[in-house]
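Notes follow the structure.
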Amino acid sequence: MRPKRPPAISRSLSESLRAGDGEDVLVTGGAGYIGSHTVLQLLLAGSRPSSWTTSRTPPRSLSREWPSLPGIDIRDKEALEKVFASTTFDAVIHFAGLKAVGESVHKPLLYYNNNIIGTINLLEVMSAHGCKKLVFSSSATVYGWPKEVPCTEEFDLSATNPYGRTKLFIEEICRDIHISDPDWSIILLRYFNPVGAHPSGHIGEDPRGFPNNLMPFVQQVAVGRRPALTVFGNDYSTNDGTGVRDYIHVVDLSDGHISALQKLFDGSEIGCEVYNLGTGKGTSVLEMVAAFEKASGKEIPLVIAGRRPGDAEIVYASTAKAEKELHWKAKYGIEEMCRDQWNWASMNPWGYGCPDPAD
Ligand code: UDP
């Protein structure tokens with residue numbers, strides 16, 4: 001067994017940084033998959049960290065400074081109070097939350113407690129300190145099984161599991177607080193399927209335990225941690241019978257947050273606005289596997305199984321609103337997504353840690 005080595009990038013819960021024009025922005029969940037890439041993009045965009053202690057630093061090649069707060073649980077309101085009492089934040093990007101669909105079905109209260117109570121705490125503390133600009137991580141899961149594609153932001157919303165319901169409820173909470181207090185400016189970002197990793201290969205996705213999502217699973221098969229990928233259903237009404245999703249490079253997704261922040265600070269009347277972050281293109285499971293095989297040179301053995309309960313057939317985004325109003329558009333295709341995911345996987349076959357005996 002290899003010795004445990006420290007992660008290349010801080011894994012504490014929250015990151016504090018100074019964005020673009022000197023605004024102080026708190027990023028909750030800044031050590032997670034999308035959070036860490038967003039913190040990095042903000043730093044690389046020339047942002048300067050504010051004076052929080054740095055518990056760990058990323059490789060110098062990635063950024064000069066990696067600002068981090070000691071780990072904070074957003075359910076701990078007292079701790080949040082202390083953070084907001086010591087720094088005047090101009091905005092918050094709120095990523096922190098649990099996200100495993102299957103786990104949410106078995107432990108709904110854990111999800112409601114973490115995601116909803118945690119967010120309410122955060123919103124209350126923000127409000128008390130006059131910080132009323134928010135970017136929230138929502139998800140395409142709020143479209144449920146869409147009646148048609150591409151999904152536009154006006155579609156009816158639904159949820160098929162407790163995780164999805166937390167996203168849906170938090171969106172509604174945000175709409176309500178804006179109605180009650182128009183000083184709030186809130187951007188809800190509905191992510192489609194984030195994949196890939198930073199091209200440096202130093203940060204990427206490292207799910208704990210059994211991966212629920214397609215690409216982390218494919219990656220673990222490629223490095224020999226799993227024998228085969230189970231394909232959930234090949235009898236959908238799609239070209240090859242497998243499910244279709246809108247995969248988006250995590251760096252593109254992170255850039256979408258920077259565009260959202262810019263909108264929060266550009267003086268426009270925002271209210272509570274929602275944007276899809278996707279590429280607008282649908283890719284099937286088999287197409288994604290083929291692209292990964294090409295990028296990695298590894299064969300991914302497949303086992304065809306039945307449909308996964310709750311899975312939609314085809315989901316992809318309409319990107320028109322984000323393009324028009326956020327001036328943001330995804331730059332990368334599945335080739336770059338698979339290239340960067342393989343780069344991260346081959347440099348870090350066990351993610352940030354050593355092999356887990358329970359793995
Ligand atoms: N999928 C699969 N095997 C897996 C994980 C996912 O065949 O081990 C399929 C899944 O049925 C869906 C697609 O890959 O069609 C994307 O699934 P994921 O869980 O990554 O995203 P979501 O379904 O939440 O959009």
Side-chain angles (χ1 to χ4, degrees), residues 32-34 97-105 111 115 137-146 149-151 155 157-168 189-197 204-223 225-250 253 276-293 300-318 330 334 337-338 341 345 359:
Y33 174 42
I34 305 166
L98 299 175
K99 59 169 194 169
V101 171
E103 184 185 50
S104 81
V105 174
Y111 274 67
N115 295 7
S137 318
S138 189
S139 163
T141 191
V142 299
Y143 294 121
W145 182 309
V149 280
C151 302
F155 274 22
L157 305 182
S158 66
T160 54
N161 54 66
Y163 158 75
R165 254 183 291 285
T166 67
K167 294 293 179 192
L168 211 151
L189 297 177
R190 292 185 185 146
Y191 310 153
F192 281 69
N193 292 63
V195 298
E205 188 168 16
D206 183 20
R208 285 192 201 124
F210 200 79
N212 293 294
N213 296 114
L214 177 67
M215 291 313 281
F217 205 102
V218 168
Q219 172 185 321
Q220 292 194 6
V221 174
V223 298
R225 290 170 63 176
R226 315 263 170 206
L229 170 74
T230 304
V231 176
F232 298 135
N234 65 351
D235 58 349
Y236 287 108
S237 310
T238 60
N239 282 346
D240 59 26
T242 63
V244 166
R245 295 290 183 276
D246 186 340
Y247 297 94
I248 173 169
H249 197 298
V250 66
L253 190 72
N276 288 338
L277 294 184
T279 63
K281 293 186 189 75
T283 305
S284 74
V285 174
L286 296 184
E287 286 168 342
M288 212 53 196
V289 170
F292 191 86
E293 286 183 327
I300 307 295
L302 303 179
V303 174
I304 307 293
R307 296 181 180 194
R308 186 171 61 177
D311 261 1
E313 182 168 74
I314 305 179
V315 186
Y316 60 90
S318 160
I334 58 170
M337 296 174 209
C338 292
Q341 179 125 12
D359 213 34

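Every heavy atom of this structure was used, including side-chain atoms; hydrogens, water molecules and symmetry mates were not. Just so you know, ligand 1 is whichever comes first in the structure, and atom 1 is the first atom listed for that ligand.
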| message | Please give me the minimum heavy-atom distance between Val149 and Val315, naming the atom from each residue. | response | CG1-CA, 4.0 Å
| remark: of all protein heavy atoms, closest to atom 19 (O) of ligand 1 is Arg308 NH2, 2.7 Å
| query | Hey, is Asp311 touching ligand 1 through its side chain, its backbone, both or neither, going by heavy atoms under 4.0 Å? | reply | side chain
| request: May I ask you to identify, for Tyr247, whether its side chain, its backbone, both or neither come under 4.0 Å of ligand 1 on a heavy-atom basis? | output: side chain
| remark: d(Thr242 OG1, Phe232 CZ) to nearest 0.5 Å is 12.5 Å
| message | Suppose I only count heavy atoms of Asn212 and a 4.0 Å limit; which atoms of ligand 1 are within that range? | response | 5 (C), 19 (O)
| message | As an exercise, identify every atom of ligand 1 less than 4.0 angstrom from a heavy atom of Thr230. | response | 2 (C), 3 (N), 4 (C), 7 (O), 8 (O)
| message | Using a 3.5 Å cut-off on N or O atoms only, is Leu214 in polar contact with ligand 1? | response | yes
| field | Interfacing atoms of ligand 1 (cut-off 4.0 Å, heavy-atom, Asn193) | value | 21 (O), 22 (P), 25 (O)
| Polar-atom distance check: Phe232 versus ligand 1, any N or O pair below 3.5 Å? | yes
| Which of the ligand 1 atoms, numbered from 1, are nearer than 4.0 Å to a heavy atom of Val231 | 7 (O)
| Which option, Lys99, Met288, Arg307, Arg245, owns the non-hydrogen atom nearest atom 25 (O) of ligand 1? | Arg245
| query | At what distance, to the nearest 0.5 angstrom, does CD1 of Ile314 lie from CZ of Arg245? | reply | 9.5 Å
| task | Please name the residue in the list Gln341, Met337, Gln220, Glu205 that meets the side chain to side chain contact (heavy atoms under 4.5 Å, CB included) test with Met215. | result | Gln341
| remark: Among non-hydrogen protein atoms, atom 9 (C) of ligand 1 lies closest to Val285 CG2, 3.7 Å
| request: Could you label the plane-to-plane angle of the Phe217 and Phe210 rings as parallel, tilted or perpendicular, counting under 30° as parallel and over 60° as perpendicular? | output: perpendicular
| message | If you apply the rule side chain to side chain contact (heavy atoms under 4.5 Å, CB included), what do you find for Leu302 with Leu286, and how did you get there? | response | CA-CA 10 Å; Leu302 303 179; Leu286 296 184; 3.7 Å; yes
| Looking only at side chains, do Tyr163 and Glu103 share a donor and an acceptor under 3.5 Å apart? | no
| task | Please check if any side-chain donor atom of Tyr143 sits under 3.5 Å from a side-chain acceptor atom of Asn276, or the reverse. | result | yes
